[in-house]
Trainee: 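The following block contains the structure, expressed as structure tokens.
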Amino acid sequence: MRTLPFRTLRAKLIAAMVVTTLTALLVAGIAVVAYDLRAYRFNTFADVETQAELLAGSTAAALNFDDAETANEGLGVLRFRPRVSAAAVYNARGKLFATYARQGTPPQFPELPGDEGVRIEGDQVHAFRRVVEQGEILGTVYVRRDYRLRERAFDYIGIVTTVAVLALAVAVLVSIWLQTVITRPVLSAARAAREVVTHGDYSARAQKFSDDEVGTLVDAFNEMLAVVEARTRDLERSNAELEREIGERRRMEEEMTQLNIDLERRVRERTSQLEMTNSELESFCYSVSHDLRAPLRAIDGFGQALAEELAGRLSGDAQRLFDRIRAATQRMGQLIEDLLNLSKVSRGALEYRDVDLSALAGQVVRELKMQDPDRRVDVSIWEGIKVNGDPRLLRAALENLLGNAWKFTGRTESARIEVGTMRDGDRSVYFVRDNGAGFDMAYADKLFGAFQRLHGMEEFPGTGIGLATVQRIVHRHGGRIWADAAPGRGAVFYFTLAPESEPVGRVASN
Amino acid sequence: MEILKSARAILCALVAATFFAVACALASADDAVGEYRVKAAFLFKFGGYVDWPAQAFADPDSPFVIGVVGAEQVADDLAGMIVGRTIGGRRIEIRRFQEHETPAGVHVLFVARAAAGSLAVVLETVANQPVLVVTETDDIASGAAINFVVVNNKVRFDVMLDSAEERNLKISARLLGVARNVVDGSS
């Protein structure tokens, strides 16, 4: 509120009432006082003129017959007119003929009669009137009368003030009653609203006291409350529903978590069992391989000694059988060697270092060329392939992969081997490509199994353990290995060295 | 306003000058010497307070006649007083009568003390006529309507209402108001 410094509705109502009443009183008071004072002036004039007229009539005879006594008696009647303070009759010569002065009023009269008419002098009205009879001026009547305009005005102001105060009091009382009538429903509605806000009790209803605008407001408010209540009920119901659903879901989640925990526990148990079994197996394998080497070496050694002893004395068939024994022995030795390698790859902790894969591949290729200096192979190794991994195992993997490539390009004109890398998303894929014998992709799933061979021993010698070893190394680095090939058109081996977040599809080859 | 005021002032002055004589007469009323002068003025003024019946005048233009018996002084004063004046719109005529004369056609008849002896006769001649008879005797039962008296050196008068009513005259209450005594024989 800018104009009215009242905070409450009731104060405003009372103020409005009081201001209205005061304004009405003031206007009415001013109008009444102004009218009355005007009427008073007019009446006073009329009265004094009438008085003078009457006196003129009644004293004419006295003047005519020079009867001052009668004239004085006539003027004496004025004592019944207490407003008249003095009166006098002058004869035709302007001499005082008869006088009258109200008791308590000093008998002062104008020395000579003045002009006819009424005039105001202070709080008195003076009137002169000629006494005329038969066209003759017999004298002059003088009447002086109280003219209490100011006192009257003050009286009125007092009366108006008193009335205003009384009316104000009544107005205040009436407005207090009225504001009760008006504000009670409003306050009731406000109380109901506060109730709703503080207690959240939407079933509360404002009481309706009247059929007026406030009543309409109260109705609207109650309707609104009803709607809110219904909505709240709906919300609460749906909330309960939701809560129930959430509870159910949580229970299910808990169950699932429990199941997972069980599952994980079982997986861990199984894994540890498996690991134990595996480790036992590996130990077994290693011991077997290791222990097998000594008798095999003995067989080979003694076989060689026997061959030297019997040199030139064996028949052709015997010599051939003998050679086959030795070849088988050597092959078995190679097998045992490879098995031991595979075991080694699987055992022991990884030692991660920064490894220059390009340099490593270069070393391996140089060794291959030294072992087989007659081969003409076009080897291309991309430069600067840096990886993080165990250098010993990575070297073993590259030896196997490049060894395979070297071996399977043995019958290929203008053999070519390539080592490189490519980006697949955010990880690096390394590859070793050759244009050798290749293989049928139908057997791709058997490629990395131990002792699995896709080519005849006569065609390409090998133990079938190499790729199993490579796969073991790649897996131990958390990577993956796969191949793409076609018979007679070469093969590509791809591998990664870091765990992948999601399965990666096959990388297209040439 | 100024013009009106001055006009009124001039009028006042004129009126005052015109009736100076009357004023002088009234002023000298206190004097025993001027007693008749005052009585003359009264006689003239009575005319304004008494109603005469219509048959008292022969026609609308008939004069108002004041008869004086046995008082030349009064008649002279009256003659000087009536100049330019009227009573009830009629011009005024003064008639002088001797004691033995029969005053006829008068409206006011003053019978002075000097003619008091013939009063009864005079009254006889105007019996039942609308004539205001004014005397200055001590006998209020003489049959006159108005009788002058001198009280404290001032001229006053008594009014005999029944005498006036006998002659069909109506005397104004205002005249009665200034009379010393009003005698009402009927009451």
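Sequence lines set the chain letters: A, B, ... in the order given, protein chains first and strands last, and positions in each chain run from 1.
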Trainee: Under a 4.0 Å N-O cut-off, is there an ion pair linking A:Glu69 with B:Arg156?
Mentor: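 Answer for the salt bridge query: no.
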Trainee: Closest approach of A:Asn64 and B:Tyr49, non-hydrogen atoms and distance?
Mentor: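 Between these two residues, the closest heavy atoms are ND2-OH, 2.7 Å.
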Trainee: Please say whether more than 12 non-hydrogen atoms of neighbouring residues, nucleotides or ligands are located less than 6.0 Å from CD in B:Glu124.
Mentor: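 No, CD of B:Glu124 has 12 or fewer neighbouring heavy atoms, counting only those of other groups under 6.0 Å.
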Trainee: So does A:Arg119 have more than 12 non-hydrogen atoms from other groups sitting under 6.0 Å from CZ?
Mentor: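 It does: A:Arg119 CZ has more than 12 such atoms within range.
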Trainee: For atom CD of B:Gln55, is the number of surrounding heavy atoms from other residues, nucleotides or ligands below 6.0 Å larger than 12?
Mentor: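 Yes, enclosed.
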Trainee: For A:Arg83, look at atom CZ and say whether over 12 heavy atoms of other residues, nucleotides or ligands are found less than 6.0 Å away.
Mentor: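 Atom CZ in A:Arg83 is not packed in, count stays at 12 or less.
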Trainee: Considering all heavy atoms of both residues, which atom of A:Asp67 and which atom of B:Val178 are nearest to each other, and what is their separation?
Mentor: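 Minimum heavy-atom contact is OD2-O, 3.1 Å.
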Trainee: Can you tell whether the side chains of A:Glu133 and B:Lys45 come within less than 4.0 Å, N to carboxylate O?
Mentor: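 The answer is no: the pair does not qualify as a salt bridge.
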Trainee: Taking all non-hydrogen atoms of both residues into account, name the closest pair between B:Arg174 and A:Ala60 and its distance.
Mentor: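 Reported closest heavy-atom pair: NH1-CB, 3.7 Å.
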Trainee: At a heavy-atom separation under 4.5 Å, does B:Thr86 approach chain A through its side chain, its backbone, both, or neither?
Mentor: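 The answer is the backbone of B:Thr86.
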Trainee: Answer with side chain, backbone, both or neither: which region of B:Phe157 has an atom nearer than 4.5 Å to a non-hydrogen atom of chain A?
Mentor: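 Interface part for B:Phe157: side chain.
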Trainee: Sort out for me which of A:Gly74, A:Gly57, A:Ser58 touches chain B most, counting heavy-atom pairs under 4.5 Å.
Mentor: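 Counting heavy-atom pairs under 4.5 Å, the top option is A:Gly57.
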Trainee: Within a strict 4.5 Å, meaning less than it, do heavy atoms of the B:Val155 and A:Phe65 side chains meet?
Mentor: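 In short, these two side chains do not touch, never coming nearer than 4.5 Å.
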